[in-house]
Amino acid sequence: MSQRLQLKRPDLLRQACLLGDGWREALDGATIDVTDPYTGEVLARVPQLGAADAEAAIEAAARAMTAWAAQPAKARAKVLRRWADLMMEHQDDLGRILTCEQGKPLAEAKGEIAYAASFIEWFGEEAKRVDGEILQSPVSGQRLLTLRQPIGVSVAITPWNFPAAMITRKAGPALAAGCPMIVKPAELTPLTALALGALAIEAGVPHGVLQVITGRSSEIGPVLTGSDTVRKLSFTGSTETGRKLMEQCSSTIKKLSLELGGNAPLIVFEDADIDKAVAGIVASKFRNAGQTCVCANRVYVHDSIYDAVTERLLAEVAKFRVGDGLAEGTTHGPLINEGAVAKVEQHIADAVERGAKVLTGGKRVSGTCFEPTVLAEVDERMLCAREETFGPLAPLFRFTDEADVVRQANDTVFGLASYIFTEDRNRLWRVSEALEYGMVGINTGLISNEVAPFGGVKQSGLGREGSRHGIEEYLEIKYLCLQD
Ligand SMILES: NC(=O)c1ccc[n+]([C@@H]2O[C@H](COP(=O)([O-])OP(=O)(O)OC[C@H]3O[C@@H](n4cnc5c(N)ncnc54)[C@H](O)[C@@H]3O)[C@@H](O)[C@H]2O)c1
Ligand SMILES: O=C[C@H](O)CS(=O)(=O)O
């Protein structure tokens, strides 16, 4: 056991899958190593389940659905409330597990646990507001009404960058609506998901209602996407994988929620409050060492304040401390793996080759820790303008004209988050309405919470998570026509 994983509740470190009526290992004993991105050491080993295990999970979910959906919403809400409370009671342990397997600083990891718990709390409350309608019939002698019923067995496939929140943002509404959920977490960060599963059972979630299975996605995926029993797939991850899963789900016409890649523009207009803008760039760009889907990927600064913004941004970046997420004072942890480092290095090299200037950073610190980097004189020819960097790289573009910068901001297949900084309220509305994105942060770089509809347009996804809309993804409307 890693010295770094000293827990108050050692039993929260699970090396078995939550499947059916208990915790299971792979029949052939096969396992997947889970490594600490900072030390490179093996933290734990989780089962490498296969197709038969995925089938078993689907059957267990189908068996568990009837009783769970038949419970009054208030009863489901009570269990979800307890789950959220247990997550917060064990926030330290869950945060430590999260930092060890994902790398983010402990304070940020504990913040993610609170964010994750907020979705369980929110959807427990929303469960009690799933109502139907009585419609005004156009025909005498008929009464028309609608019911909203749980869609059925659901599956969540989730990414490594938010190992807790990306799971509860799906499991919360699913369980609240009365749907069982099978969670397939990222191979890189399964331990947090398994710990959340343990606390869900402790909270009273019946076996089979929530299952967490680990293994090769190439083997488990086709079973989950090809099953007719699975009526809903919620995926968060890259657009490339989302496209593949969408194709795989087409044979059984599943309801899909897709939270995919981003390429967020952040625009600082000449009338912006520069302090707010710099704070927004730091918060949006460098959160989770730049490994979030809503990170500013392109920073556009009006020519007239370009030097002032650059100077203040560099002063803030100089305060960062990159290193061990468990160490006191660390502000940014390691990137998840060598592939992530290579992507950042590729984007920097390409931009410099085409004329950009490195103002700070630009190199690996040690291991997969990378210097927070600011590039100047970046333009739309460069890779970092077209691809999601997913790392601590802030490329600064210079602009003079509002219409042209909006054109540049929209010139991408992605449409998840965007950000604008302006003190002009007419410009605020004009640009917010013109941006082709699911979300617009205005004078802030932090927009995510449980009450707002999170999601993208274009190739950033389908549907919304969180908010009162998030539970609709797990419900079907049934129309009843009653003849006297
Ligand atoms: N829109 C959002 O809310 C959001 C949130 C977080 C991350 N992301 C995006 O996710 C990406 C980074 O996360 P990632 O590297 O984990 O993404 P990824 O697509 O590589 O993997 C995501 C999940 O899909 C699984 N997976 C991969 N191929 C699969 C297959 N063929 N069948 C079944 N499952 C498969 C992985 O095991 C993992 O659990 C970035 O593009 C980021 O923008 C989006
Ligand atoms: O990476 C994607 C997450 O959705 C980030 S957030 O914490 O929800 O903004």
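Hydrogens, waters and symmetry mates play no part in the numbers below; they use all other heavy atoms, side chains included. These figures come from a predicted structure and were not determined experimentally. All ligand and atom numbering here is 1-based and tracks the order in the structure.
Applying the side-chain hydrogen bond (donor to acceptor under 3.5 Å, both in side chains) rule to T241 yields the partners S238; only residues at least two apart in sequence or on another chain are considered. Taking the side-chain hydrogen bond (donor to acceptor under 3.5 Å, both in side chains) definition, one finds that K232 meets it with S257, E473, sequence neighbours left out.
Aromatic ring centres of W160 and F390 lie closer together than 6.0 Å.
Residue R468 places its CZ atom among 12 or fewer non-hydrogen atoms of other residues, nucleotides or ligands, all under 6.0 Å distant. Around the CE atom of M246, the shell of radius 6.0 Å holds no more than 12 heavy atoms that belong to other residues, nucleotides or ligands.
Protein residues are said to neighbour a ligand when one of their heavy atoms lies under 4.0 Å from it; for ligand 1 these are I157, T158, P159, W160, N161, M166, R169, K184, P185, A186, E187, S217, G221, F235, T236, G237, S238, T241, K244, L245, E259, L260, G261, G262, C293, E388, F390, L416, F454. Protein residues with a heavy atom closer than 4.0 Å to ligand 2 are Y115, N161, F162, M166, R169, R287, T292, C293, V294, S448, F454, listed by chain and number.
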* Could you give me the CA-CA distance, side-chain angles and deciding distance for M181 and V183, then say whether side chain to side chain contact (heavy atoms under 4.5 Å, CB included) is met? => CA-CA 6 Å; M181 177 166 268; V183 176; 4.0 Å; yes

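Using cut-offs of 30° and 60° on the angle between ring planes, the pair H332 and F320 is tilted.
Atom CG of L5 and atom OG1 of T99 lie 10.0 Å apart (nearest 0.5 Å).
By the 4.5 Å heavy-atom criterion applied to side chains, W122 and V451 are counted as neighbours.
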